[in-house]
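A quick write-up on the structure given underneath.
Scope of the values below: all heavy atoms of this structure, side chains included, with no hydrogens, waters or symmetry mates. One is the number of the first residue; the rest follow in order along the sequence.
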Amino acid sequence: NVYQSFHIGLILYKPRDFNTRYCAPNKLYEYWSYGISVLAPDLPGLIPVFDSAQKGKLIDFQNASAITSAVNELGNFQTAEKEELLKLFSDTLSVDVFIQKLEQEIRLLF
């Protein structure tokens, strides 16, 4: 029920170590699985996973005008866009997709 009230998901990572610089947090995928567009810092590890405008924006959190602009843009996320993000997640990032890929790889081995 909590996620139903969210308009924007926030990832508040600072690049303090290898993990926060190069890894995408689980919360990111959790937001996307509920159709919530995300605002996150422009860290190297997040750049490859933000491959669609529906997923949200990567910005410099030190830049107040970039934050304001991104919040305004993502705050206008429409129901149709949420549905697109839900479908995108289901088609590309859900655990079922990765289980199918793993099963295919296993079949190739035998």
Side-chain angles (χ1 to χ4, degrees):
N1 291 334
V2 173
Y3 286 112
Q4 302 306 321
S5 65
F6 284 23
H7 297 284
I8 299 171
L10 291 176
I11 302 297
L12 300 175
Y13 259 23
K14 285 188 177 184
R16 296 184 185 233
D17 57 25
F18 184 85
N19 188 49
T20 55
R21 183 178 300 275
Y22 292 101
C23 296
N26 291 339
K27 182 59 74 179
L28 177 65
Y29 299 98
E30 203 171 315
Y31 285 138
W32 288 339
S33 74
Y34 283 90
I36 300 167
S37 188
V38 176
L39 184 58
D42 55 352
L43 299 174
L46 296 178
I47 292 169
V49 295
F50 275 77
D51 56 359
S52 168
Q54 290 104 338
K55 290 181 178 179
K57 293 191 85 57
L58 296 175
I59 63 161
D60 176 4
F61 274 87
Q62 302 297 317
N63 182 334
S65 64
I67 295 170
T68 301
S69 175
V71 166
N72 287 335
E73 183 179 330
L74 295 181
N76 292 325
F77 209 59
Q78 302 297 315
T79 303
E81 292 167 313
K82 182 175 184 167
E83 294 299 323
E84 288 176 29
L85 180 52
L86 285 168
K87 179 161 177 27
L88 178 66
F89 182 86
S90 176
D91 292 348
T92 62
L93 294 170
S94 72
V95 70
D96 293 335
V97 170
F98 292 98
I99 288 172
Q100 288 174 1
K101 288 180 182 180
L102 178 60
E103 288 173 342
Q104 288 172 356
E105 291 296 319
I106 292 171
R107 280 193 294 275
L108 290 175
L109 293 174
F110 297 103

Can you list every pair that meets salt bridge (Lys or Arg N to Asp or Glu O under 4.0 Å) and has a residue in [range], with sequence neighbours left out?
range: residues 64-77; answer: K57-E73
range: residues 3-20; answer: none
range: residues 31-40; answer: none
range: residues 24-53; answer: K27-E30, D51-K55

Item to check | Pairs involving residues 34-57, ordered by first then second residue, that meet ring pair (Phe, Tyr, Trp, His ring centres under 6.0 Å) (sequence neighbours left out) | outcome: Y3-Y34, W32-F50

Give every donor-acceptor pair under 3.5 Å between a side-chain atom in residues 92-107 and any protein atom, sequence neighbours left out.
from	atom 1	to	atom 2	distance (Å)
T92	OG1	L88	O	2.6
S94	OG	S90	O	3.1

Next on the checklist: Once side chain to side chain donor-acceptor pair (under 3.5 Å) is applied, do any residues pair with S65, and if so which ones, sequence neighbours excluded?
Outcome noted: N63

Checklist entry - For D91, which residues count as a side chain to side chain donor-acceptor pair (under 3.5 Å) partner, sequence neighbours excluded? => result K87

With [X] via side chain to side chain contact (heavy atoms under 4.5 Å, CB included) - residues at least two apart:
X: E84; value: Q54
X: L12; value: L10, F61
X: Q62; value: D60
X: P44; value: R21, Y22

